[in-house]
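Remarks on the structure that follows.
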2 protein chains.
Amino acid sequence: MLFTGTHIHKLDRKGRVSVPKRFRAALDQEQFAGIYLYQSHKESALEGCSHSHMERIAASLDELDMFSDEADDLADTILGSSHMLPYDGEGRIILPAELIEFAHIEDQVAFVGRGRTFRLWNPDIFKPLQDASRTRTLNRGATLKLKPMAELPQGARPGAPTEEDAS
Amino acid sequence: MLFTGTHIHKLDRKGRVSVPKRFRAALDQEQFAGIYLYQSHKESALEGCSHSHMERIAASLDELDMFSDEADDLADTILGSSHMLPYDGEGRIILPAELIEFAHIEDQVAFVGRGRTFRLWNPDIFKPLQDASRTRTLNRGATLKLKPMAELPQGARPGAPTEEDAS
DNA sequence: TCAAATCCCATTGACCCCCATCATTTCCCA
DNA sequence: TGGGAAATGATGGGGGTCAATGGGATTTGA
């Protein structure tokens, strides 16, 4: 269950786009056969995630002060504007016009993996931003402090192939 | 689970290259039969790692503030630009054109072990760099402070073959 | 009744499986 | 210890399969 890589797919004239096979595979344990999308609040992109990740966001919001402005805003931005998009028989979704417009998507969509989540972009907009990211990372000399292996969730670690843990 | 040595293999006209047996052996406990590759920040090379190492990166990013700029950049640079490459029946991967170009790879690929990770180079580019690196190390009189054996993870130490610790 | 969504099927081209060959290394035995 | 046989890893290539795509037909629902 990891979203990685950049996958560019076509948006057809009916507003459909194939979800990359790799992403669908990362989601095949989910109850809901589809994805969630909502507008990013800092980029001209769409945030994508699984049903269970959406649950996690809702749970996190629960922990913020129920009446704080911040919780309000986040609830509106994320939960209020999210779209639940089921696959068709070929693993495609229909991108709502509202989201196409927001992300300035034209005839191509870039699915960009970010681990537990992913983003959808107009590839022409994403590419230069990604290059800038790389430059900043390099200049910053950023190094990532890796978590100890032992703290990883079960199933993220190597070992005897987990024979479908019957959870 | 250690990548060591330099192994030079051929890139065939279909864009395939054999992953060295030693490297595959180091990965045989992984769920995913293949490797991950992404562009190095600082070198004209490709960074390679296992699925569980990529999980580790994702988990570590998860810990940074979900909305921090630094996490964003790292996600774009590493997770967004990584390629998940499964082996074929003979233990080869298909090297994506984008990566071949980035690393200026021609008809040969050098797999260079770096412990938990490894790098892929055009051998002609790597060789002089390796020589320079060796010279610097010698001049500097660099010494490596070794971790006490006792702090190593289970399975990295000699001893009775750990009969699959039933954790 | 019309528009939009879903289903279904056809096409295509990249990728993956399979097998054949070649080069090394390992093993065995004289 | 030398040489030959067998095993294993690396390489080359053909062809089938499946993911991505396009578009028509049918259903749903406003």
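Below, read A as the first sequence line, B as the second, and so on, with proteins coming before strands; counting in each chain starts at 1.
- Atom CD1 in B:I93 sits roughly 17 Å away from atom C1' in C:dA14 (whole-Å rounding).
- Using a 4.0 Å cut-off between charged nitrogen and carboxylate oxygen, A:R114 and B:D76 count as a salt-bridge pair.
- Between the base of D:dG12 and the side chain of B:R92 there is a donor-acceptor pair shorter than 3.5 Å.
- Contact annotation: side chain of A:E90 to base of C:dC9, donor-acceptor pair present below 3.5 Å.
- Among the protein residues, B:R22 comes within range of no part of the nucleic acid, since none of its heavy atoms lies under 4.0 Å from any strand.
- Using a 4.0 Å cut-off, some side-chain N or O of B:K21 falls inside it from OP1 or OP2 of D:dG9.
- Of the side-chain N and O atoms in A:R16, none sit less than 4.0 angstrom from OP1 or OP2 of C:dA4.
- Between the CD1 atom of A:I94 and the C1' atom of C:dA3 there is a distance of 12 Å, given to the nearest Å.
- One atom, OH of A:Y87, and another, P of D:dA20, lie 11 Å apart when rounded to the nearest Å.
- Looking at heavy-atom distances under 4.0 Å, A:V19 makes contact with sugar-phosphate atoms alone, never a base.
- Panel note: side chain A:H9, backbone A:V17; no donor-acceptor pair is recorded below 3.5 Å.
- Across the protein-nucleic acid pair, B:F23 atom CZ and D:dG9 atom P stand 15 Å apart, rounded to whole Å.
- When the nearest nucleotides of DNA chain D are assigned to B:I8 and B:K14 by heavy-atom distance, the more 5′-ward of the two goes with B:I8.
- Side chain to side chain, B:S52 and B:E30 meet the donor-acceptor criterion of an N or O pair below 3.5 Å.
- OP1 or OP2 of D:dG23 sits under 4.0 Å from a side-chain N or O of A:R13.
- With rounding to whole Å, B:D12 atom CG is found 14 Å from C:dT21 atom C1'.
- With rounding to whole Å, B:H9 atom NE2 is found 15 Å from C:dA23 atom P.
- A salt bridge between B:E106 and B:K10 is absent, with no side-chain N of the basic residue lying under 4.0 Å from a carboxylate O of the acidic one.
- Using a 4.0 Å cut-off between charged side-chain N and carboxylate O, B:D73 and A:R140 make a salt bridge.
- For the residue pair B:H53 and B:T117, no side-chain donor N or O sits within less than 3.5 Å of a side-chain acceptor on the partner.
- Secondary-structure stems of DNA chain D, taken as three or more successive Watson-Crick or G-U wobble pairs (i with j, i+1 with j-1) under a 3.5 Å distance threshold, comprise C:1-30 with D:1-30.
- Straight-line distance from the NE2 atom of A:H83 to the P atom of C:dA4: 17 Å, rounded to whole Å.
- Taking 4.0 Å as the cut-off between side-chain N and carboxylate O, A:D131 and A:K127 count as a salt-bridged pair.
- The CG atom of B:D88 sits 18 Å away from the P atom of D:dT17 (whole-angstrom rounding).
- Distances shown here put a side-chain N or O of B:S18 below 4.0 Å from the OP1 or OP2 atom of D:dT11.
- Judged by distance alone with a 3.5 Å cut-off, no donor-acceptor contact links the side chain of B:R24 to the base of D:dG9.
- Note on B:D72 versus A:R136: no salt bridge recorded, every NZ/NE/NH1/NH2 to OD/OE distance being 4.0 Å or above.
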